[in-house]
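Hydrogens, waters and symmetry mates play no part in the numbers below; they use all other heavy atoms, side chains included.
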Amino acid sequence: MLGEVDQRLIKALERVSVGDVRPDLTLVLDVPAQIGLQRAAGRRRGSNPDRFEAEAIEFHERLREAYRKLAGGEPQRCVIIDASAPKMTVAKQVWQAVSARLRPATAPVRLAGATS
């Protein structure tokens with residue numbers, strides 16, 4: 001069990017999200033459970049929480065820890081971003097993580113038979 005949350009749950013959530021494909025980059029937007037639930041409530045605008053949001057805070061804290069452990073175990077693929085930071089800071093960190101992975105793709109491509 002990862003972070004006291006059954007690793008099978010994490011793998012099942014990942015399978016639903018991305019299927020059998022293993023992404024080259026996974027961004028984990030990390031925020032304390034209480035803040036995440038407050039944000040979700042703000043998006044609902046008074047409507048009832050869904051089944052997942054209605055889980056106890058302890059569940060969400062364990063789930064957060066499980067994702068953090070998963071990301072820590074795959075640093076070549078996963079980047080943890082502090083999503084409790086201001087929006088522009090989060091956006092900058094996301095862009096840095098993505099552009100660091102894309103930089104090799106920006107190198108000039110030489111086609112076979114092409115001349116300069």
Closest non-hydrogen atoms of Gln93 and Asp82, given as atom of the first, atom of the second and distance, are OE1-N, 3.8 Å
So do Glu74 and Gln76 actually touch side chain to side chain, heavy atoms under 4.5 Å?
->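 Yes, at least one pair of side-chain atoms sits under 4.5 Å.
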Hey, does Tyr67 have a side-chain heavy atom less than 4.5 Å from the side chain of Leu13?
->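 A side-chain contact exists here, since the closest heavy-atom pair is under 4.5 Å.
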With sequence neighbours excluded, tell me which residues meet side chain to side chain contact (heavy atoms under 4.5 Å, CB included) with Val94.
-> Leu27, Leu29, Ile81, Val90, Val98
Check side chain to side chain contact (heavy atoms under 4.5 Å, CB included) between Val31 and all other residues, then give those that pass, not counting sequence neighbours.
-> Ile35, Arg39, Ala83
Distance (rounded to the nearest 0.5 Å) between [X] [atom1] and [Y] [atom2]:
X	Y	atom1	atom2	value
Ile80	Leu70	CD1	CG	9.0 Å
Arg77	Leu25	CZ	CG	9.0 Å
His60	Glu65	NE2	CD	15.0 Å
Leu37	Glu61	CG	CD	9.0 Å

Pairs under 3.5 angstrom only: tabulate donor-acceptor contacts from the side chains of residues 50-57 to other protein residues two or more places apart or in another chain.
unit_1 : atom_1 : unit_2 : atom_2 : d
Asp50  : OD1    : Phe52  : N      : 3.1
Asp50  : OD1    : Glu53  : N      : 2.7
Glu53  : OE1    : Arg44  : NH1    : 2.6

Any donor-acceptor N/O pair, Arg64 side chain to Asp30 backbone, under 3.5 Å = no
